Student: 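Okay, handing you the structure first.
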Number of protein chains: 2
Amino acid sequence: MENVLTGTNKKPLRVLFMSNIGVKELAEIAGVSTASVSRALSNPNRVSKRMRKKVLLAAEQVGYQPNRLAASLRTSRSGNIVAIIPDISDTFNSGVIQSLERAAAERGYSVLFGDTQGIRERELVYGNMVNSKQADGIIVFSHRLPFEDELLASDDFVLPPMVNSCEYAHSAFRDTSLLPLVTIDNVKAGREATEHLLELGHKDIAVITGDIESPSARQRLEGYKEALSQAGIPFRSELIQAGDYTLEAGVTSTKKILLAKKRPSAIFCMCDESALGCIATLREHGFDVPRDISVLGFDDIRFAKYLSPSLTTIAQPVEEIGRRCAEILLDMIDGKEIEEPQTILPHKLMVRDSTSAIW
Amino acid sequence: MENVLTGTNKKPLRVLFMSNIGVKELAEIAGVSTASVSRALSNPNRVSKRMRKKVLLAAEQVGYQPNRLAASLRTSRSGNIVAIIPDISDTFNSGVIQSLERAAAERGYSVLFGDTQGIRERELVYGNMVNSKQADGIIVFSHRLPFEDELLASDDFVLPPMVNSCEYAHSAFRDTSLLPLVTIDNVKAGREATEHLLELGHKDIAVITGDIESPSARQRLEGYKEALSQAGIPFRSELIQAGDYTLEAGVTSTKKILLAKKRPSAIFCMCDESALGCIATLREHGFDVPRDISVLGFDDIRFAKYLSPSLTTIAQPVEEIGRRCAEILLDMIDGKEIEEPQTILPHKLMVRDSTSAIW
DNA sequence: CCACCAATGGTAAACGATTACCATTATGTC
DNA sequence: GACATAATGGTAATCGTTTACCATTGGTGG
């Protein structure tokens, strides 16, 4: 084959793209060994400047594209992480996902997204991607570990690099107390949300929770109780509606709330989508928000402030959550010691128009 | 090593999970060859029932996990597709993504998501994943092909399996007229949206467009013009505001519209997020929708009907778009002939509360 | 000028599957 | 029972990288 560099052939070199050229062919073209090609490309300071230039030039000329699969196989690093998410289209999640993806990309990793719809089987499929070497780590958005109980129970099974986003995963078979996670202080946030409503004079405050299996929802409810008790108001369980962090739950829960004998004057929704469904349902039943009933959301999703009425809500630092998750996970993958596994980020009460004083 | 099946060792077999067991070790354990192991697992009817059972049992016992990277390298099938998306968190996109991911998963493919923010360089990065064998095909959500012009201009470069979602990709260097795509009839949709407003008596209809570089936005505008001309109403370019399919564009464009001498009585937004920004801005400036100004959206995103006022909009079949994209792409990857590259799905005008008659 | 060491680059063995090719065994036909 | 044919399963090559190990080269100090 004609040597690119010696250039004994004076015709302008034909630029070949995407030809099936591997390190072997490239090495031949550049007149060096495959080892040098590989080193020049992925370990540049292991070779001399001359060699580097020679290889890079040849690679450029022929449009060489290294086969990442082969590299991954050899190095046992796939360069992927997998995000296991109950619902990709959920607005809060998709915000986190976005920054997650960006932060991963900055460090050369791609993100595989698994939308599970909360289905255990699908969680397992995605969890298994790291066992089958398709991914190097996992970001879990739910409160369940994506592995078979049988596996979790086995001493031989060591958890792969994994970070919890906004949730506390737990398992009967495994101690998860040291699992890294990035979240806000849900108890405090629940308390502050409730305090805001109490300060406005509300005493009968209904709650539409998130998935009640999930620690985040429980913690927010905990905060709610704390605030009530602090204010000397008895907790009434009939005011609590179990939701699941969806818009639809906001709708159906609100309908139930409206059926109660004594209507609450405020509703605390544990996510903005539920609040949206809640407000729409209230309006449909002839109630004005906030005049008749105040509604408070959670998350501060992208368009919470554009809704009508604009939504009073607890803002979560979406962008930072995603970024931190990625950073911690990639550090784990790189074998770095994680000094602070539990990252608690600040939240913020955003007071807008969906809540108002009761008098 | 002890043979699982002969079971001469009567102690209960220790179940080993995730040990570093490959086909080689598994073959030894099962007492067969690596070829048989591979066949039993991924080509079951190439082996006898006895053999299959023997291998599957052993695999189960030791928790064997095939290394998908190695398999991919050998078969040159990564089992991934990559979706190149300007904005993952956009509500319309995330809906498509969700069904896309599900349909792909059903056929054993995973989806890598690339959020590009419209940045050319990032598009190229993701487009390149198929060259580097990390993905077998591409779903493109934008109107640009994710490859260097240099590549596109080269005859040697054949486009990988690729499907356009809701857009018409084009390139100065490549004929894209046969590129498979899944979309609605944007011209017709634009026309119908405008006709709806005309029927309500509106004559001054402003438009907040999508990215004006994109064929979808141009086509919708085309439909708008057709409807106007049909109704004998002259087209006035000052009513057109160039947006980019975002909420923020809805806000800023609406502000500009409100500055005009002659205020329109209706605004046609080319996506629901823009409509949301539009309505919020109108409200902020003291205008009631639809009493003062009607607003019509596009997409029928998940919560369009829960907004206040609920949004009149053109519904796109989100779920089907995603599913079809995945199906067509996977068929292409499987080497099937695509008989109908251009899939035009039906849209539907959803009349709700954000538009009303002018008198 | 020699011994020594660092820098450089080559050879060949991995990584862990799949599969072409072949040898063996089972099945069926006459 | 002999033979053709189908079914089965083994051996070893292969996919395209990276890298351990080694050989060579060049530079430095004595």
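In what follows, chains are A, B, ... by sequence order, proteins preceding strands, each numbered from 1. As the structure is a prediction and not an experimental result, all values here were calculated from the model.
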Student: Just N and O in the side chain of B:Y64: are any of them under 4.0 Å from OP1 or OP2 of C:dA17?
Tutor: yes
Student: In whole Å, I'd like the distance from the CG atom of A:L41 to the C1' atom of D:dT19.
Tutor: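 Atom CG in A:L41 sits about 15 Å away from atom C1' in D:dT19.
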Student: Is B:R77 salt-bridged to B:D334, cutoff N-O under 4.0 Å?
Tutor: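 A salt bridge links B:R77 with B:D334.
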Student: Think B:S42 has a side-chain N or O under 4.0 angstrom from the OP1 or OP2 of C:dT18?
Tutor: yes
Student: Between A:T34 and B:M51, which has a closest nucleotide on DNA chain D that is more 5'?
Tutor: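 So the residue in question is B:M51.
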Student: Is any side-chain heavy atom of B:N128 closer than 4.5 Å to a side-chain heavy atom of B:Q134?
Tutor: no
Student: Between B:S72 and C:dA17, does any side-chain N or O lie under 4.0 Å from OP1 or OP2?
Tutor: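 Checking B:S72 against C:dA17: no side-chain N or O falls below 4.0 Å of OP1 or OP2.
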Student: With a 4.5 Å heavy-atom cut-off, do B:T116 and B:F141 have their side chains touching?
Tutor: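 With C-beta onward as the side chain, the pair stays apart.
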Student: If you assign each of B:N67 and A:R52 to its closest nucleotide in DNA chain C, which residue comes earlier from the 5' end?
Tutor: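 Looking at the nearest nucleotide for each, A:R52 comes out on the 5' side.
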Student: What is the distance, to the nearest angstrom, from the CZ atom on A:R50 to the C1' atom on C:dG9?
Tutor: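 For the pair A:R50 CZ and C:dG9 C1', the rounded distance is 12 Å.
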Student: So which one's nearest nucleotide on DNA chain D is more toward 5', B:R46 or B:A70?
Tutor: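 Closer to the 5' end of DNA chain D: B:R46.
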Student: Given atom CG of A:N43 and atom P of C:dT8, what is their separation to the nearest angstrom?
Tutor: 12 Å
Student: From CZ of A:R39 over to P of C:dT8, roughly how many Å is that when rounded to an integer?
Tutor: 11 Å
Student: Would you say B:S36 places a side-chain N or O within less than 4.0 Å of OP1 or OP2 belonging to D:dG9?
Tutor: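 So the side-chain polar atoms of B:S36 never come under 4.0 Å of the phosphate oxygens OP1 or OP2 of D:dG9.
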Student: Please work out if B:R68 contacts a base, only the sugar-phosphate, or nothing of the nucleic acid, heavy-atom cut-off 4.0 Å.
Tutor: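 If one applies the 4.0 Å heavy-atom cut-off, B:R68 turns out to touch nothing in the nucleic acid.
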Student: Looking only at side-chain atoms of A:S33, point me to the closest of C:dG16, C:dT8, C:dT11.
Tutor: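 Per side-chain heavy atoms of A:S33, the pick is C:dT11.
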Student: Nearest whole Å is fine: how far is C:dT11 P from A:K24 NZ?
Tutor: 12 Å
Student: Between A:L41 and A:V37, is any pair of side-chain heavy atoms under 4.5 Å apart?
Tutor: yes
Student: If we only count heavy atoms from C-beta on, is the A:Y126 to A:I85 side-chain gap below 4.5 Å?
Tutor: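 No. Closest side-chain heavy atoms not under 4.5 Å.
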Student: In whole angstrom, what separates A:I21's CD1 from D:dC15's P?
Tutor: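 Going from A:I21 (CD1) to D:dC15 (P), I get 15 Å.
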Student: Scan B:A71 against the nucleic acid and name what it touches under 4.0 Å (heavy atoms): base, sugar-phosphate only, or nothing.
Tutor: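 Sugar-phosphate, no base atom in range.
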Student: From CG of B:N131 over to P of D:dT17, roughly how many Å is that when rounded to an integer?
Tutor: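 Taking CG of B:N131 and P of D:dT17, I get 13 Å after rounding.
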Student: Check A:D149 with A:R144, please: is the shortest side-chain N to carboxylate O separation under 4.0 Å?
Tutor: no
Student: Give B:V47 one of three labels, base, sugar-phosphate or nothing, depending on what nucleic acid heavy atoms sit under 4.0 Å from its own.
Tutor: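 The residue B:V47 makes sugar-phosphate contact but no base contact.
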Student: Could you check whether the side chain of B:R74 and the base of D:dG16 have a donor-acceptor pair of N or O atoms closer than 3.5 Å, going by distance alone?
Tutor: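 Result: no qualifying N/O pair found.
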Student: A:R77 CZ to C:dA14 P: how many Å, rounded?
Tutor: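 Atom CZ in A:R77 sits about 22 Å away from atom P in C:dA14.
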Student: May I ask you to say what B:V37 touches in the nucleic acid, namely base, sugar-phosphate or nothing, with a heavy-atom cut-off under 4.0 Å?
Tutor: nothing
Student: Heavy atoms from C-beta onward define the side chain here; which of C:dG9, D:dG16, D:dG10 lies closest to that of A:S48?
Tutor: C:dG9
Student: So if I take every side-chain heavy atom of B:L73 and compare against C:dG9, D:dC15, C:dT18, which nucleotide ends up nearest?
Tutor: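 Per side-chain heavy atoms of B:L73, the pick is D:dC15.
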